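Quick notes on the structure that follows.
Just so you know, these numbers come straight off a predicted model, no measurement behind them. All ligand and atom numbering here is 1-based and tracks the order in the structure.
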Amino acid sequence: MDAMPFDTTPVLVAGHWRATAATLPLFNPSTGAELARIARGGAAEVDAAVQAAQAALDGEWGALTAAERGRLLTRIGALVLERADELARLEALDVGKPLKQARADAVALARYLEFYGGAADKVHGETIPFANGYTAFTLREPHGVTAHIVPWNYPMQIIGRSVGAALAMGNACVLKPAEEACLSAIAFARIATEAGLPAGALNLVPGLGEEAGAALSSHPGVRHISFTGSVGVGALIQAAAAKNAVPVTLELGGKSPQIVFADADLDAALPFLVNAGIQNAGQTCSAASRILVERPVYDAVLERMAERYRALRVGPALDDLDVGPLISQRQRETVEGYLGLVEGSALRVAARAALPAGLPRGGYYVAPTLLADVDPGHRLAQEEIFGPVQAVTAFEGEAEALRIANGTAFGLVAGVWTRDGGRSLRMARKLQCGQVFVNNYGAGGGIELPFGGVKHSGHGREKGFEALYGFSVLKTVAIRHE
Ligand code: NAD
């Protein structure tokens, strides 16, 4: 068992770390061994956390100026950056992602805090030309207590984009990390406390979704919920929020396509096509799990992707190879279930990476698999697999590309590869999703770029400046003065 540099069992409420009677095990996905035990917070801890957040709003935290909040966030970001290696190691152990990818997440967390630290005092209302004898203007105010329910796949990035933006706008947060991976959330809360964030501005309640998560999403003291996770739980959260008439931001799943036209620069496209499918072992909401290729270059693209797949190195997170294990045995079984659909079907496996002998026996490894000629209506081209599996499909012309790309229940991200400027604009306009990337995919994480989905991928926007509007309430003031 790897030693943890801190006690992982308490919850953080009002600046105090408290133990819970019950704990939950965390497993190291690379080995299957127990890694740590975490607090199993429930309704009582959630209630205390919401009250602490409200007290912070009524006290020291609520009295800070926007510039002071920004300075604090910037300081937390600087500490995160200083400790990026330490945070990356924790995340690699906890999530199973290769060390380099975990380090990129730690740096992204620092970037979110820098970005929202800098933005905190730059959001303001407007004056409105109105009737004679009046002055009318708008104010941007915090919601109050905000809930942040995050998944296990990118804890640091998701905490950065949601808690960072919420704190910048003066909200007080209750963070519920995922039960499968929450070490970086605990480490982040410690860093924020050390940086001088006033007590109660950030509270942390680890625990199970159906216990701590459900208690938080239905708590009447919560005024905004930011949820990232599965479509099914997103619907539960929205229903719970509806009872309290609370706004929600839902960042749900995806089945995002990258569309390669015959005129594309294939050398430029190739690394993006594969990386966006296997990064974090495919457990990425914006994974490019569908690759649509125009017929004249279909065989060439497929063969080059297959070559890359055959060369992928799979292994424990700390070995820092291309692909690590999945998060859990359950996730592995889900992905293997999808791969089982290939056996005895007309589907073609274009390539499968080898799982090396000597992988830790208890680890949750799955061989990255590239599927060819996948019918757009097939479950493998429709459902989110959340593993290192990509489905490649041929198309002819823009209209068919659009029909296939838009033909799932999801709409998160899309990539378009073409040298034709007009086509890139036509596609960008007609793709049904929240982000379109032309001749790139993901823009290196794009902290500054608003992000979110349409259809079953969710609603509301996080990241970029736009998130600050979501984490604030617009108040209109009209003063009659003759
Ligand atoms: P999940 O929905 O099971 O869990 C996400 C979070 O919700 C966890 O913290 C969990 O404890 C909590 N939760 C579970 N049940 C709950 C309940 N009844 N009430 C309140 N909270 C509850 O999702 P997951 O399996 O952890 O994550 C994978 C999914 O998340 C995938 O579908 C993926 O696409 C999606 N995801 C989306 C984004 C995005 O930004 N769009 C990012 C990452 C992951």
Side-chain angles (χ1 to χ4, degrees), residues 24 26 29 38-43 46 94-95 97 105 108 147-162 174-182 184-185 204-219 222 225-241 243 246 248-256 279-289 326-328 330-335 383-387 408-413 433-435 442 445-446 449-463 467:
L24 295 165
L26 270 190
I38 57 158
R40 181 174 175 174
V46 164
D94 203 8
V95 179
K97 64 177 75 189
D105 289 357
H148 305 262
I149 301 177
V150 307
W152 43 261
N153 57 349
Y154 288 85
M156 287 195 278
Q157 292 216 31
I158 295 168
I159 289 169
R161 76 185 192 206
S162 87
V174 180
L175 170 61
K176 209 301 277 171
E179 50 271 50
E180 294 88 348
C182 65
S184 61
L204 174 81
V205 185
L208 294 172
E210 57 271 33
E211 295 177 358
L216 183 57
S217 55
S218 59
H219 197 291
V222 167
I225 303 173
S226 160
F227 171 79
T228 302
S230 58
V231 177
V233 176
L236 292 177
I237 302 271
Q238 185 152 357
K243 291 207 174 91
V246 167
V248 292
T249 302
L250 297 182
E251 305 279 11
L252 309 176
K255 193 72 187 174
S256 299
Q279 181 181 311
N280 204 29
Q283 303 164 114
T284 304
C285 51
S286 53
S289 50
L326 299 184
I327 184 71
S328 62
R330 194 177 64 144
Q331 189 66 18
R332 182 193 193 181
E333 282 163 16
T334 303
V335 174
E383 297 176 19
E384 186 180 49
I385 299 172
F386 233 49
T408 75
F410 296 103
L412 193 56
V413 175
C433 56
Q435 284 189 327
L449 308 178
F451 173 73
V454 300
K455 304 196 281 185
H456 282 191
S457 292
H459 53 77
R461 294 292 176 264
E462 287 187 345
K463 303 174 65 162

ask   = Of all heavy-atom pairs between Ala241 and Val248, which one has the smallest distance, and what is that distance?
value =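 Closest pair (atom of Ala241, atom of Val248, distance): CB-CG1, 3.3 Å.
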When you measure from [atom] to every protein heavy atom, which one gives the shortest distance, and what is it?
atom                    : value
atom 39 (C) of ligand 1 : Cys285 SG, 3.1 Å
atom 17 (C) of ligand 1 : Gly209 O, 3.4 Å
atom 20 (C) of ligand 1 : Gly213 C, 3.1 Å
atom 12 (C) of ligand 1 : Ile149 CG2, 3.7 Å

Polar side-chain atom of [X] near backbone of [Y] as donor-acceptor pair, under 3.5 Å:
X      : Y      : answer
Arg40  : Pro206 : no
Gln435 : Leu412 : no
Lys255 : Glu383 : yes
Lys455 : Thr408 : yes
Ser457 : Gly253 : yes
Lys463 : Gly445 : yes

Check whether any heavy atom of [X] sits under 4.0 Å from an atom of ligand 1.
X      : value
Ala214 : yes
Phe386 : yes
Gly453 : no

Which bit of [X] is near ligand 1, meaning a heavy atom under 4.0 Å away: side chain, backbone, both or neither?
X      : value
Glu384 : side chain
Arg161 : side chain
Val150 : backbone
Ala240 : neither
Phe227 : side chain
Thr228 : both
Ile237 : side chain

Using a plain distance cutoff, I'd like to know if [X] has any nitrogen or oxygen under 3.5 Å from a nitrogen or oxygen of ligand 1.
X      : value
Leu252 : yes
Leu412 : no
Ser230 : yes
Arg330 : no
Glu180 : no
Trp152 : yes

task = Compare all side-chain heavy atoms of Leu216 with those of Val205 and state whether any distance is below 4.5 angstrom.
result =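 With C-beta onward as the side chain, the pair stays apart.
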ask   = If we only count heavy atoms from C-beta on, is the Pro151 to Ile158 side-chain gap below 4.5 Å?
value =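 Sidechains of Ile158 and Pro151: in contact.
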request  = Let me see the working for Glu462 and Thr249 under side chain to side chain donor-acceptor pair (under 3.5 Å), right down to the final yes or no.
outcome  = CA-CA 8 Å; Glu462 287 187 345; Thr249 302; 4.7 Å; no
message = When you compare the side chains of Gln238 and His459, does any donor N or O come within less than 3.5 Å of an acceptor on the partner?
response = yes
message = Which of the numbered atoms in ligand 1 are under 4.0 angstrom from any heavy atom belonging to Pro177?
response =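 Within the 4.0 Å cut-off of Pro177, ligand 1 contributes 9 (O).
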key: Atom indices of ligand 1 within 4.0 angstrom of Asn153 heavy atoms, with elements   =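 The list of qualifying atoms is 43 (C), 44 (C).
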ask   = Just going by heavy-atom distances, which of Ile158, Leu236, Leu175 is nearest to atom 18 (N) of ligand 1?
value =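 Closest candidate by heavy-atom distance is Leu236.
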task = Only pairs at least two apart or in different chains count here, so list each side-chain hydrogen bond (donor to acceptor under 3.5 Å, both in side chains) that has a residue in residues 280-289.
result =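 Matches after skipping sequence neighbours: Tyr154-Thr284.
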task = Could I get the full list of side-chain hydrogen bond (donor to acceptor under 3.5 Å, both in side chains) partners for Asp105, not counting sequence neighbours?
result =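 By the side-chain hydrogen bond (donor to acceptor under 3.5 Å, both in side chains) rule, Asp105 matches Lys97, Gln157.
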ask   = Got a sec: does the NE2 of His456 have more than 12 other heavy atoms crowding it under 6.0 Å?
value =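 It does not: His456 NE2 has 12 such atoms or fewer within range.
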